[in-house]
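We number each residue from 1, following the sequence as shown. Source: prediction; values computed, not measured. Just so you know, these numbers use all the heavy atoms, side chains as well, and skip hydrogens, waters and symmetry mates.
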Amino acid sequence: MVSFRFPFSFSQPPNPTPPSSATSRPFSAAAAVTISAGAAAFAGVATVTHASSSADPTRPFLHNALNLLLANRSLPPWGSLFLNDTPASVVDSKSGVSFPSVLAGTRRLLGIGLRRKRILGLKNIDVYAYGIYADDKDVKKLLSKKYGKLSLSELQENKEYNDVLLETDIGVTVRLQIVYGKLSIGSVRSAFEESVGTRLQKFGGSDNQELLQRFTSQFKDEIKIPQGSIIDLSREPGYVLRTTIDGNDVGSIQSKVLCKSILDLYIGEEPFDKQAKEDVKLNLASVLQE
């Protein structure tokens, strides 16, 4: 059984066993992988990450993860997601937004982040929370052979691993859930024109204005996005970016550079939420260790 650790709480089926803190939680004799990640904060608040696992010295990943846990006994307790307890939902403590632990049957939640925007240089507003999912089958099929036997420390130092979700044709969904109640679809379109446009130029040069316009034109003025609305940005097989808003398909575009530019906002070099990116890397490593 594999368990994931997140800095959020979990909505579980009836009669759950309440999770205890990471400092007192007993270690299972089974070879279960647990990855812990500390809560992200903004405006200079420190972030921490830690990992725990069953103590199996024959597997370097588990051994290193255990050492990290023992070195961080003062860390606070986090929620734990047990995959055989699905359907479970994950509640982000910063925004109060709930995310399903699995999408489309095989896409696992690897991390949750918060998009904040500074208004007039004076005030930060929470625009939307987002969950990052990766297809379990794709991860194992395309990555396990190359990365499955590496230890956690080796993975953390591996530059190719850091970029693997950006580059590889793995099914990935970034689910955006609107938090700011006054957000308009025009504001979303303008924000993507700026942020995605910058990434398209970074990865593909200056000849991608038409591609950018094709993407942003999907966010039509007649679409309403009140608080709680959901926008899914999904990379499908063949580097197809599919966009849905509240379950309605609004368009699909086949473009590797567009897929990479979208994902770079959330798991690239300068993501909207750095801790969410670290959570994704750690929990992806957990999948690879199964």
Can you measure from OH (Y147) to CG (N158) and round to the nearest 0.5 angstrom? 5.0 Å
Non-hydrogen side-chain atoms of D279 and I112 separated by less than 4.5 Å: no
Can you check whether I185 reaches K220 side chain to side chain, under 4.5 Å on heavy atoms? no
Can you confirm whether S95 sits close enough to Q177 that some side-chain heavy atom of one is under 4.5 Å from a side-chain heavy atom of the other? no
Within a reach of under 6.0 Å around NZ of K202, are more than 12 heavy atoms found that belong to other residues, nucleotides or ligands? yes
If you measure from CG on L150 to CG on L143, what distance do you get to the nearest 0.5 Å? 11.0 Å
Is there side-chain contact between I223 and N248, with at least one heavy-atom pair below 4.5 Å? no
Is a side-chain donor or acceptor of Q254 paired with a backbone partner of G238 at a separation under 3.5 angstrom? yes
Nearest atoms (heavy-atom pairs only) where F219 meets F192: CZ-CE1, 3.7 Å
Is a side-chain N or O of Y266 found less than 3.5 angstrom from the main chain of A276, in a donor-acceptor match? no
Before you tell me yes or no, could you show the steps for Q218 and I253 under side chain to side chain contact (heavy atoms under 4.5 Å, CB included), namely the whole-Å CA-CA distance, both residues' side-chain angles and the distance that decides it to 0.1 Å? CA-CA 10 Å; Q218 296 176 145; I253 301 172; 4.0 Å; yes
Working to the nearest 0.5 Å, report the span between OG of S255 and CG of N208. 7.0 Å
Check the hydrophobic clustering (I, L, V, M, F, W, Y; side-chain heavy atoms under 4.5 Å; chains of links allowed) and say if Y133 and I230 are grouped together. no
Atom pair CZ (R189) and CD (Q213), whose distance is rounded to the nearest 0.5 Å: 10.0 Å
Using only heavy-atom distances, determine whether the side chains of D135 and T106 contain a donor-acceptor pair under 3.5 Å. yes
For the side chain of Q227 and the backbone of V179, is there at least one donor-acceptor N/O pair under 3.5 Å apart? yes
Would a single hydrophobic cluster contain both V240 and V172, if residues Ile, Leu, Val, Met, Phe, Trp and Tyr are joined by side-chain heavy-atom contacts under 4.5 Å? no
Distance-minimising heavy-atom pair for D249 and T243: OD1-O, 3.4 Å
Check against side chain to side chain contact (heavy atoms under 4.5 Å, CB included), Y130 and L265: CA-CA 11 Å; Y130 59 90; L265 301 174; over 6 Å; no
Smallest heavy-atom separation, G131 atom then L109 atom, equals CA-CD1, 3.9 Å
Give a yes or no on this: more than 12 heavy atoms of other residues, nucleotides or ligands lie within 6.0 Å of atom CD of E193. yes
Ignoring hydrogens, what is the shortest heavy-atom contact between L142 and D169? Give both atom names and the distance. CD1-O, 3.6 Å
